[in-house]
There are 2 protein chains.
Amino acid sequence: MNILEKIALNQNSFSKSERKVAEIIMAAPQSAMHSSIATLAKAADVSEPTVNRFCRRMETKGFPDFKLHLAQCLASGTPYVNRHVDEADGPDAYSAKIFDSTMAALETARQHLDTAAINRAVDILTQARKISFFGLGASASVAHDAQNKFFRFNVPVICFDDVLMQRMSCINSSEGEVIVFISHTGRTKSHVESAAQARNNDATVIGITDANSPLAQECSLVLSLEVSEDTDMYMPMSSRIAQLVLIDILATGFTLRRGTKFRENLKRVKDGLRESRFNKGLRDH
Amino acid sequence: MNILEKIALNQNSFSKSERKVAEIIMAAPQSAMHSSIATLAKAADVSEPTVNRFCRRMETKGFPDFKLHLAQCLASGTPYVNRHVDEADGPDAYSAKIFDSTMAALETARQHLDTAAINRAVDILTQARKISFFGLGASASVAHDAQNKFFRFNVPVICFDDVLMQRMSCINSSEGEVIVFISHTGRTKSHVESAAQARNNDATVIGITDANSPLAQECSLVLSLEVSEDTDMYMPMSSRIAQLVLIDILATGFTLRRGTKFRENLKRVKDGLRESRFNKGLRDH
DNA sequence: AGCATTCTAGTAATTTAACTACAAAATTAC
DNA sequence: GTAATTTTGTAGTTAAATTACTAGAATGCT
């Protein structure tokens with residue numbers, strides 16, 4: 001937890017002078033960071049040891065250490081203590097909050113990433129005869145994106161965002177095929193059933209989903225994304241982004257595994273897009 | 001520029017003792033951050049003022065200030081100075097690097113965000129009779145995602161990832177319609193032409209694209225995303241993520257503008273998804 | 001209500017860290 | 001090889017942070 005959040009959280013349990021210190025810091029963390037203990041104490045109208053005690057209560061070694069913590073949590077842009085979008089927020093506020101919560105989600109996702117599982121997934125994908133990506137709702141666009149990425153690798157890849165097509169595809173699946181199910185909750189009935197079907201046909205099933213979900217039970221390999229509390233107001237936000245980054249990681253692992261020669265393919269695809277562009281066309285859409 | 005990069009950059013122009021200091025810091029920035037000037041001086045086998053002078057040369061106010069800078073650049077996880085994926089990288093390394101570069105991209109995107117433009121875009125979207133999202137290639141999945149989000153708002157929304165459908169749709173467009181073109185480069189010929197067509201029919205054209213592109217010229221409003229150097233190896237990565245976050249921001253702005261009552265709609269949509277789930281179904285896919 | 005106990009805050013003293021001024025050594029230029 | 005300049009270190013100074021102790025406020029108990 002970052003230090004400003006911690007201050008905000010404990011605000012109730014503070015004593016009178018501690019609250020004064022907290023307020024001064026919260027009001028202008030940037031300037032608090034650059035103040036000496038004496039300056040800050042004067043600003044909060046308390047004594048220096050009070051400030052010091054405050055720092056200690058926040059589980060830091062002392063004032064200088066406290067400033068380091070403060071610096072770290074101010075490092076990434078706006079110090080929004082509360083990442084939840086509020087009704088009264090203007091464009092500045094809600095934009096910053098959404099960026100904040102997205103980045104926080106990515107940070108936790110990174111920390112909980114199981115690179116061994118990723119490595120195994122890359123193994124499986126590189127050896128696949130055919131790769132399918134299945135997603136529904138918000139996860140459908142992630143599946144589309146995955147298709148777009150793996151399509152460039154010149155491997156048979158397909159993407160379905162439709163329950164029936166997914167089911168049919170699973171019924172006809174066979175050994176050597178890899179099916180990647182993308183689902184944040186892992187509780188979509190049709191996904192669970194389709195995954196079971198595919199496993200039955202000896203296809204390999206990879207789940208990008210919650211580790212403790214019914215879908216995870218049916219998978220040969222689970223890539224779980226621990227995303228910090230979804231901040232979304234009734235909409236998937238951070239989870240989706242984390243899934244996309246995971247796709248990027250898998251795609252990168254894939255190209256690295258395939259070696260240098262293979263990467264020339266990618267360049268060809270990219271160059272091939274040029275003529276559909278107005279000059280300067282060096283990048284993708 | 002972050003302070004570690006700056007040190008790495010100036011490494012050549014350092015004197016003998018300065019280099020010693022630099023090396024100690026680069027080798028263990030985390031511990032340097034928590035050291036006193038005396039400890040660090042001893043570790044580098046130089047005198048204290050040398051360390052102090054080093055800090056000043058790095059354009060900081062002194063040692064404590066230097067430590068703050070250090071803290072800030074160590075704040076977001078691993079201090080990978082080089083974020084580019086290397087052939088020799090293992091799963092740990094490339095995963096970390098992709099997370100790093102994605103987050104760095106979001107950080108720059110946030111800093112360059114034009115919230116006034118966002119506010120205007122929200123204005124336009126809330127008043128639209130019909131909203132269309134157009135994307136091709138990697139941007140197609142962003143368009144799909146946008147559709148998924150705005151669909152929940154119970155407004156007429158459509159998404160095309162096909163050149164011909166996009167063109168036809170533009171030909172039939174009229175006043176009151178809003179068309180959002182998503183394109184990283186803004187140089188896709190068909191997009192530019194379709195946008196011009198739509199403008200001709202008095203439809204409102206919003207571009208999520210490069211501000212200095214041909215497409216931007218044709219737009220009523222441009223939302224540009226300044227994304228730090230794309231780290232991708234022949235594939236779009238960070239740009240896409242930033243676009244999605246922008247969609248989240250627009251969607252959030254939309255719901256806020258529509259007010260509390262409107263938000264009950266969203267809850268209904270969410271609750272409606274329940275029965276397609278195995279118990280515990282509180283979230284989207 | 002009054003006394004005691006505990007918790008809180010401030011003063012003053014101490015310790016520690018950071019910085020300055022100056023001098024010596026080393027490097028470079030001529 | 002000497003002078004000039006740059007680099008580095010020593011010693012002293014100042015400032016900042018922390019500790020120990022004491023006064024005051026709040027709470028609890030009889």
Side-chain angles (χ1 to χ4, degrees), chain A residues 3 6-74, chain B residues 3 6-74:
Chain A
I3 192 103
K6 188 178 279 178
I7 296 174
L9 204 77
N10 293 38
Q11 206 140 35
N12 312 314
S13 65
F14 285 152
S15 70
K16 205 166 22 173
S17 348
E18 279 174 333
R19 186 162 302 131
K20 280 200 264 181
V21 177
E23 271 164 18
I24 286 286
I25 292 169
M26 301 281 273
Q30 201 75 40
S31 80
M33 182 180 94
H34 289 108
S35 309
S36 71
I37 196 168
T39 320
L40 192 65
K42 214 161 97 190
D45 191 33
V46 296
S47 69
E48 300 182 22
T50 302
V51 176
N52 197 294
R53 281 188 283 260
F54 176 84
C55 296
R56 283 226 168 65
R57 182 152 312 190
M58 289 298 107
E59 291 177 310
T60 64
K61 267 220 101 200
F63 185 70
D65 188 43
F66 177 83
K67 287 207 291 187
L68 290 177
H69 281 269
L70 208 54
Q72 297 209 314
C73 99
L74 290 173
Chain B
I3 193 104
K6 187 181 277 181
I7 296 174
L9 204 76
N10 292 38
Q11 208 139 35
N12 312 313
S13 65
F14 285 154
S15 69
K16 207 169 13 177
S17 345
E18 279 172 336
R19 185 161 303 130
K20 281 200 265 184
V21 177
E23 272 164 18
I24 287 287
I25 293 168
M26 299 284 274
Q30 202 75 40
S31 79
M33 183 179 93
H34 289 107
S35 309
S36 72
I37 196 167
T39 321
L40 192 65
K42 214 160 97 189
D45 191 32
V46 297
S47 69
E48 299 181 24
T50 302
V51 175
N52 199 297
R53 281 188 283 259
F54 176 84
C55 297
R56 288 237 165 72
R57 184 150 314 186
M58 289 298 105
E59 290 176 310
T60 64
K61 265 220 105 197
F63 186 70
D65 188 43
F66 176 84
K67 287 208 289 188
L68 290 177
H69 280 269
L70 208 53
Q72 297 209 312
C73 100
L74 290 173

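In what follows, chains are A, B, ... by sequence order, proteins preceding strands, each numbered from 1. Note that these values count all heavy atoms, side chains included, but never hydrogens, waters or copies made by symmetry. Model, not experiment: these values are computed from the prediction.
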[N] OP1/OP2 closer than 4.0 Å to side-chain N/O of [X]:
X	N	result
A:Arg57	C:dA9	no
B:Ser17	D:dT8	yes
A:Asn52	D:dT18	yes
A:Thr50	C:dT8	no
A:Ser36	D:dA15	no
A:Arg56	D:dT19	yes
A:Ser15	C:dA9	yes

Return the value, rounded to whole Å, for the distance between atom [atom1] of [X] and atom [atom2] of [N].
X	N	atom1	atom2	answer
B:Asp65	C:dA18	CG	P	13 Å
A:Lys42	C:dG10	NZ	P	15 Å
A:Lys61	C:dT16	NZ	C1'	12 Å
B:Glu18	D:dG9	CD	C1'	14 Å
B:Phe54	D:dT7	CZ	P	14 Å
A:Glu48	C:dT14	CD	C1'	13 Å
B:Phe66	C:dA18	CZ	C1'	15 Å
A:His34	D:dA16	NE2	P	15 Å

Nucleotide nearest A:Arg53 (side chain, heavy atoms from C-beta), chosen from D:dT8, D:dT18, C:dA9: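 Selected nucleotide: C:dA9.
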Mind listing the closest non-hydrogen atom pair of B:Ala32 and B:Leu70 along with its distance?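 Looks like CB-CD2, 4.2 Å.
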For residues A:Lys20 and A:Val46, report the shortest heavy-atom separation together with the two atoms involved.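 Heavy atoms only, the tightest pair is CE-CG1, 4.1 Å.
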Main-chain N/O of B:Ser36 paired with B:Lys67 side-chain donor or acceptor, under 3.5 Å: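 Not at all, since once roles are kept as given, no pair shorter than 3.5 Å links the two residues.
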For atom CZ of B:Arg57, decide whether the heavy atoms of other residues, nucleotides or ligands shown that lie under 6.0 angstrom number more than 12.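 Incorrect, the count does not exceed 12.
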Map B:Lys16 and B:Lys67 onto DNA chain C by nearest heavy atom, then report which one ends up closer to the 5' terminus.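 Residue closer to the 5' terminus by nearest nucleotide: B:Lys67.
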Taking the side chain as every heavy atom from C-beta outward, state whether A:Phe66 and A:Ile37 have any atom pair closer than 4.5 Å. no
Once you apply the 3.5 Å cut-off to both distances, tell me the Watson-Crick or G-U wobble partner of C:dT27, or none. D:dA4
